[in-house]
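Quick notes on the structure that follows.
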Amino acid sequence: KLAGEIAAYRGGFWEIVKYRAPFCLMMQTQAFFFMYAWRIIGLMLIGMGLAKAGVFAAARTASFYRRCLIFGYGLGLPLVAIGMYQMMAHDFDVVSGFLLDSQFNYVGSFLVALGHIGLLMMVFKSGWLSSFTRRLAAVGRMALTNYLMHTVIFIFVFYGFGLGLFGWVDRFPAFCMVLAMWLIQLSLSPFWLRRYCYGPAEWFWRTMTYRKKIPFRRNPPTGEPLEASS
């Protein structure tokens, strides 16, 4: 089965489509309704509550974010580490993963995210690393464009109609590739937004949503949208 999957992903475009179609159908129906929808909706509701409480706007006290960091990382990182150890010990066995191993990460990932929030908001409130936080904000403003960009790039890297590296890259080199993509997007996003109001995908989405042409290019001297400045 493993050899068949590797052969399919190193094949041509239609071979990959044929191989992935049953999996995609299962993910959009069975897996979505019985597994992912509940977690996704729950996390979105929690995120909406945190946003309404001003947590994402750095409106809470420094001690609040410090408690988020200590509590989130203090409980979350050990849980994630245990789950990772369990998965590696069982050689990423699917049955062991569903029954126990992935459950550590299922809970721990939420707590680690809380730690991330605490850390980022503390950095933002302190004024440290202001250049980095501006770059991170630019990546967020171009989230859809960046998502589509790294998807297309890595499809080309791994699939057979591109470089065909599927099955060749181990976990640590794959991590390095992700880090390289982050560095590219952290550099490219602010460069793009100095010249344009939105990422191309965000601009297209807004234009289709409001059914009118949305200002796209900036006026270089003022940085304002060209249509607004005229």
Side-chain angles (χ1 to χ4, degrees), residues 40 43-62 64-66 68-69 72-73 76-77 80 109-158 162 173-230:
I40 293 168
L43 291 175
M44 288 179 69
L45 289 172
I46 292 172
M48 290 166 65
L50 293 174
K52 190 173 182 180
V55 174
F56 298 143
R60 307 302 290 267
T61 64
F64 173 85
Y65 293 116
R66 188 161 50 247
C68 288
L69 185 150
Y73 284 163
L77 287 176
V80 172
S109 59
F110 170 76
L111 295 169
V112 172
L114 189 65
H116 290 340
I117 293 168
L119 177 62
L120 285 173
M121 292 301 104
M122 287 178 64
V123 170
F124 180 80
K125 286 176 73 71
S126 68
W128 303 336
L129 306 175
S130 58
S131 176
F132 173 72
T133 55
R134 285 195 298 269
R135 291 176 182 274
L136 201 62
V139 171
R141 289 176 58 194
M142 293 180 57
L144 181 57
T145 296
N146 282 319
Y147 176 82
L148 294 174
M149 178 176 72
H150 68 236
T151 298
V152 170
I153 290 173
F154 284 127
I155 282 175
F156 174 77
V157 169
F158 288 106
F175 173 81
C176 293
M177 294 171 73
V178 172
L179 181 60
M181 180 55 62
W182 259 105
L183 293 174
I184 291 170
Q185 293 181 344
L186 283 168
S187 300
L188 184 61
S189 297
F191 175 81
W192 177 274
L193 289 175
R194 282 196 294 269
R195 292 156 178 79
Y196 300 95
C197 301
Y198 307 102
E202 287 77 14
W203 174 83
F204 179 77
W205 189 271
R206 282 171 168 78
T207 298
M208 293 297 101
T209 299
Y210 296 111
R211 300 180 183 178
K212 64 178 182 179
K213 186 178 179 182
I214 303 297
F216 188 42
R217 295 181 63 89
R218 293 188 184 277
N219 188 342
T222 64
E224 296 181 356
L226 280 177
E227 285 82 350
S229 62
S230 60

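Only heavy atoms go into these numbers, but all of them, side chains included; no hydrogens, no water, no symmetry mates. Everything numeric in this text was worked out from a predicted model, so none of it was measured.
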side-chain contact (heavy atoms from CB on, under 4.5 Å) evaluation trace for Thr145 with Phe204: CA-CA 10 Å; Thr145 296; Phe204 179 77; over 6 Å; no
Step-by-step side-chain contact (heavy atoms from CB on, under 4.5 Å) determination, Leu136 to Leu120: CA-CA 10 Å; Leu136 201 62; Leu120 285 173; 3.8 Å; yes
side-chain contact (heavy atoms from CB on, under 4.5 Å) evaluation trace for Gln185 with His150: CA-CA 9 Å; Gln185 293 181 344; His150 68 236; 3.3 Å; yes
CA sep, side-chain torsions, deciding dist, call: Phe132, Val123, side-chain contact (heavy atoms from CB on, under 4.5 Å): CA-CA 10 Å; Phe132 173 72; Val123 170; 5.7 Å; no
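Nearest approach of Pro190 to Ala138, heavy atoms of both residues: N-CB, 3.7 Å. In this structure, Val112 and Leu77 approach most closely via the heavy-atom pair CG2-N, 3.8 Å. Nearest approach of Gly76 to Leu111, heavy atoms of both residues: CA-CB, 3.7 Å.
Rounded to the nearest 0.5 Å, atoms CE (Met181) and SG (Cys176) are 13.5 Å apart. Going from atom CD1 of Ile184 over to atom CG of Leu179 covers 10.0 Å, rounded to the nearest 0.5 Å. The CG atom of Leu69 sits 9.0 Å away from the CG atom of Leu114 when rounded to the nearest 0.5 Å.
Here the side chains of Met142 and Leu188 are not in contact, with every heavy-atom distance at 4.5 Å or above. Within the 4.5 Å cutoff, side-chain heavy atoms of Asn146 are placed close to those of Met149.
Note: Phe154 and Phe158 have tilted aromatic rings, judged against thresholds of 30 and 60 degrees for the angle between ring planes. Below 30°, between 30° and 60°, or above 60°: for His116 and Tyr73 the angle between ring planes is above 60°, a perpendicular geometry.
In this structure, Phe56 places its CZ atom where more than 12 heavy-atom neighbours from other residues, nucleotides or ligands lie under 6.0 Å away. Environment of CE in Met48: sparse, with no more than 12 heavy atoms of neighbouring residues, nucleotides or ligands closer than 6.0 Å. Residue Phe64 places its CZ atom among more than 12 non-hydrogen atoms of other residues, nucleotides or ligands, all under 6.0 Å distant. By the 6.0 Å contact criterion, CH2 on Trp192 is enclosed, its count of non-hydrogen atoms from other residues, nucleotides or ligands being greater than 12.
For Tyr65 (side chain) and Val55 (main-chain N/O), a donor-acceptor pair under 3.5 Å exists by modelled atom type. Side-chain atoms of Trp203 come within 3.5 Å of backbone atoms of Ile214 as a donor-acceptor pair (strictly under, hydrogens ignored). Under a 3.5 Å cut-off, the side chain of Arg218 and the backbone N or O of Leu193 do form a donor-acceptor pair. Here the side chain of Arg217 pairs no donor or acceptor atom with the backbone of Tyr196 at under 3.5 angstrom. A donor-acceptor pair under 3.5 Å is absent between the side-chain atoms of Ser189 and the main chain of Leu186, judged by distance alone. Between the side chain of Lys125 and the backbone N or O of Ala58 there is at least one donor-acceptor pair closer than 3.5 Å.
Arg195 forms a cation-pi arrangement with Phe191, by the criterion of a distance under 6.0 Å to the ring centre and an angle within 45° of the ring axis.
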